[in-house]
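One structure below.
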There are 2 protein chains.
Amino acid sequence: MTIDPDSYEPAYIQLAGLLRAAIDSGELAPGQPVPSEKTLIQQHGVARETVRRAISILRAEGRVQTLAGRGSYVRGSADEAEVVTLAPGSRISSRMPSPAERRQYGVAEGVPLFVVELEGQEAQAYPADRVILEVPSLT
Amino acid sequence: MTIDPDSYEPAYIQLAGLLRAAIDSGELAPGQPVPSEKTLIQQHGVARETVRRAISILRAEGRVQTLAGRGSYVRGSADEAEVVTLAPGSRISSRMPSPAERRQYGVAEGVPLFVVELEGQEAQAYPADRVILEVPSLT
DNA sequence: GGCTATTTGTTCGTATGTATA
DNA sequence: TTATACATACGAACAAATAGC
């Protein structure tokens, strides 16, 4: 699989696609490191910015986790997600957090934020990569 | 308000903060254009990439909308959001969509995706910038 | 503790293409 | 057509974090 610089599709999108496919196929299994930037630059003959943009896409999709000075690692599909039960009448929105919200709620870079609002109560927020919301069953 | 290149805080984060504050304070009102890249480069004495990264942050937060060849514009806070009612037993997660998902569900660039799963049914997905999820009241 | 190699993070410069006015 | 503005992509440099010795 190679990257076509003349494609209508930007190189960083192509590279993200290659890496996404490798993850989805199991070629890159959870816990395994994604090849380093330098390796990807050499393997695909692209610039560093192209590699970094591709990685950032996978990070935002929750597929990999990047550690400064170490590398990027494939995340498990359902690693450890806390289940939060929703109260009746709750309204849920999701968006990217501001830095202040990232700090306040402990949200990783590139990860969306859940905002749960309930009439007469203060809004609650959760990192979307570590929390699943649940509507209680009737039983 | 100025940007300090020697700060521990990256210049693009500082600039995003300045612009965010300008939007939140109403100095930049909904519908108004954000200053152009060239203007921001000159006003703050930073490189183009610094400006572009700052803008991309605001875009991901849903605060601005960027139109190629024109500029970035401040988005209205609660423009028009569809309310989707959740069935009992639903489980909700949120993440950035892959390109295929963006096409399939009509999600704008930099906007998270809601994924609603219900036992025994196919998962449903919604663009998080146009949809609010609601847990029905008991009444 | 330090030192070194590796890797990611940030910033600048430059160039080309595309879309809009 | 020209000017403006955003999108992509290359190269380069230095800083910061990490790991191993």
Donor-acceptor contacts, no H, no angles, side chain residues 28-40 of chain A, under 3.5 Å, sequence neighbours left out:
residue  : atom : partner  : partner atom : Å
Gln32(A) : OE1  : Ala29(A) : N            : 3.0
Ser36(A) : OG   : Thr39(A) : N            : 3.2
Ser36(A) : OG   : Thr39(A) : OG1          : 3.0
Glu37(A) : OE1  : Arg48(A) : NE           : 2.6
Glu37(A) : OE1  : Arg48(A) : NH2          : 2.9
Glu37(A) : OE2  : Arg52(A) : NH1          : 2.5

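Remark: Ser72(A) engages Thr66(A) in a side chain to side chain donor-acceptor pair (under 3.5 Å) (not counting sequence neighbours). For Glu134(B), the side chain to side chain donor-acceptor pair (under 3.5 Å) criterion is met by Arg91(A), not counting sequence neighbours. Tyr105(A) pairs by the side chain to side chain donor-acceptor pair (under 3.5 Å) definition with nothing, not counting sequence neighbours. With sequence neighbours left out, Gln124(B) forms a side chain to side chain donor-acceptor pair (under 3.5 Å) with Tyr126(B).
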> Using a cut-off of 4.0 Å between protein heavy atoms and nucleotide atoms, how would you tag nucleotides 8-21 of chain D 5' to 3' with B, S and -?
Replying inline: BBB--B---BSS--
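Sorted by first and then second residue, the salt bridge (Lys or Arg N to Asp or Glu O under 4.0 Å) pairs involving residues 119-128 of chain B (not counting sequence neighbours) form an empty list.
Membership of the apolar cluster around Leu67(A) extends to Tyr73(A), as traced through chained side-chain contacts below 4.5 Å between ILVMFWY residues.
In this structure, the helix from dG2(C)-dC21(D) to dA21(C)-dT2(D) shows an angle of 20° between the axis at its start and the axis at its end, each fitted on 5 base pairs and rounded to 10°.
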> For Arg75(A) and Glu61(A), what are the C-alpha separation, side-chain angles and deciding distance, and is it a salt bridge (Lys or Arg N to Asp or Glu O under 4.0 Å)?
Replying inline: CA-CA 10 Å; Arg75(A) 291 183 50 180; Glu61(A) 291 172 9; over 6 Å; no
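To the nearest angstrom, P of dC6(D) lies 7 Å from CD1 of Ile55(B).
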